[in-house]
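I have placed the structure first, in the form of structure tokens, so that the comments after it can refer back to it.
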Amino acid sequence: PYTDALPIFGQALRIEDDFGRDRLADYGISIERQNNDPTGEIQRIVYTLENLGTQEAQGLDFDLNYRLKTRIGDFLFMNEFTYMFHFYEQFIDLYGREDIVGRQGVPRWRNNFTLGYGLGNWSGQVIVRSTADMLQTGNISTNLSRIPSPTQFDLSLGYKFSGNYRDWE
């Protein structure tokens, strides 16, 4: 919970530096400093949890699903692909909005591919999840390192029991 709040506190300090303490109140933020000294050590930052920012996503989603029933079993082929043209984020209107596509957590594209199989009571599937390379988040003034495109593989196997489960108690 504290790491989620850190960007908000950083923005609060930036607003205070750029526009003064009075502007913080406009956004539901107050900074309490030691001995009420404007340059004193920060004792507490109070944020009323109002949604001050906006996010706007522009992209395309593609889904392809196909089921094939055969004598040797039922097959499922599924692919889900998302491409982000822009993902704009704005904390408050004082700083304008920023396109954060390609940074950690907001990849340019994502793809999920599923191959499933079922025969009688047995079923199984393999899911492959991939995302585009992303820049590691951090201080923008430093050189951000690139996180290589991660790919995850999930395998599941299932059996559907038949019978009356109430008799098992």
Side-chain angles (χ1 to χ4, degrees), residues 1-67 76-116 125-156:
Y2 295 113
T3 56
D4 292 342
L6 289 178
I8 294 168
F9 296 156
Q11 289 287 350
L13 295 175
R14 194 167 137 195
I15 294 168
E16 183 185 45
D17 287 345
D18 293 351
F19 301 102
R21 295 182 93 183
D22 295 339
R23 284 305 298 266
L24 286 176
D26 294 344
Y27 297 99
I29 302 170
S30 65
I31 299 177
E32 296 177 9
R33 296 184 180 267
Q34 189 172 23
N35 300 326
N36 208 20
D37 177 2
T39 61
E41 181 179 315
I42 295 174
Q43 300 296 307
R44 186 167 81 159
I45 297 178
V46 180
Y47 178 61
T48 59
L49 300 178
E50 294 178 27
N51 187 1
L52 304 176
T54 60
Q55 293 181 331
E56 177 187 337
Q58 297 174 358
L60 292 174
D61 295 325
F62 299 97
D63 288 339
L64 176 64
N65 298 291
Y66 184 72
R67 293 183 187 274
L76 167 69
F77 304 92
M78 185 167 54
N79 197 72
E80 302 162 329
F81 179 79
T82 298
Y83 186 86
M84 298 289 291
F85 296 112
H86 302 284
F87 190 93
Y88 295 109
E89 186 172 66
Q90 179 175 347
F91 176 65
I92 58 172
D93 59 353
L94 294 175
Y95 296 110
R97 66 185 193 165
E98 181 178 13
D99 190 354
I100 62 170
V101 167
R103 293 201 193 153
Q104 187 173 352
V106 187
R108 172 74 61 192
W109 58 264
R110 297 175 190 262
N111 194 71
N112 297 324
F113 176 75
T114 303
L115 174 61
Q125 66 180 9
V126 175
I127 302 173
V128 181
R129 294 180 178 93
S130 299
T131 62
D133 292 352
M134 294 174 276
L135 291 176
Q136 185 176 6
T137 58
N139 185 341
I140 304 255
S141 63
T142 63
N143 290 331
L144 301 177
S145 60
R146 185 156 292 284
I147 301 169
S149 176
T151 300
Q152 299 172 317
F153 295 89
D154 295 322
L155 175 65
S156 68

Is there side-chain contact between [X] and [Y], with heavy atoms separated by less than 4.5 Å?
X: Ser130; Y: Trp109; answer: yes
X: Leu135; Y: Arg146; answer: yes
X: Gln55; Y: Tyr88; answer: no
X: Phe62; Y: Asn79; answer: no
X: Ile127; Y: Phe113; answer: no

Out of curiosity, [X] [atom1] to [Y] [atom2], how far, rounded to the nearest 0.5 Å?
X: Met78; Y: Tyr66; atom1: CE; atom2: OH; value: 15.5 Å
X: Thr82; Y: Leu60; atom1: OG1; atom2: CG; value: 9.0 Å
X: Phe81; Y: Leu64; atom1: CZ; atom2: CG; value: 13.0 Å
X: Leu155; Y: Gln125; atom1: CG; atom2: CD; value: 9.0 Å
X: Glu80; Y: Asn65; atom1: CD; atom2: CG; value: 7.0 Å
X: Gln58; Y: Phe87; atom1: CD; atom2: CZ; value: 11.0 Å

side-chain contact (heavy atoms from CB on, under 4.5 Å) with Val128: which of Asn112, Thr114, Thr151? Thr151
Flag, side chain of Arg108 to backbone of Phe85, donor-acceptor distance under 3.5 Å: yes
Search all heavy atoms of [X] against all heavy atoms of [Y] and return the closest pair with its distance.
X: Pro148; Y: Asp133; value: C-OD1, 3.3 Å
X: Pro150; Y: Ala132; value: CD-O, 4.3 Å
X: Ile100; Y: Glu89; value: CD1-OE1, 3.6 Å

Is Glu98 salt-bridged to Arg103, going by a charged N under 4.0 Å from an acidic O? yes
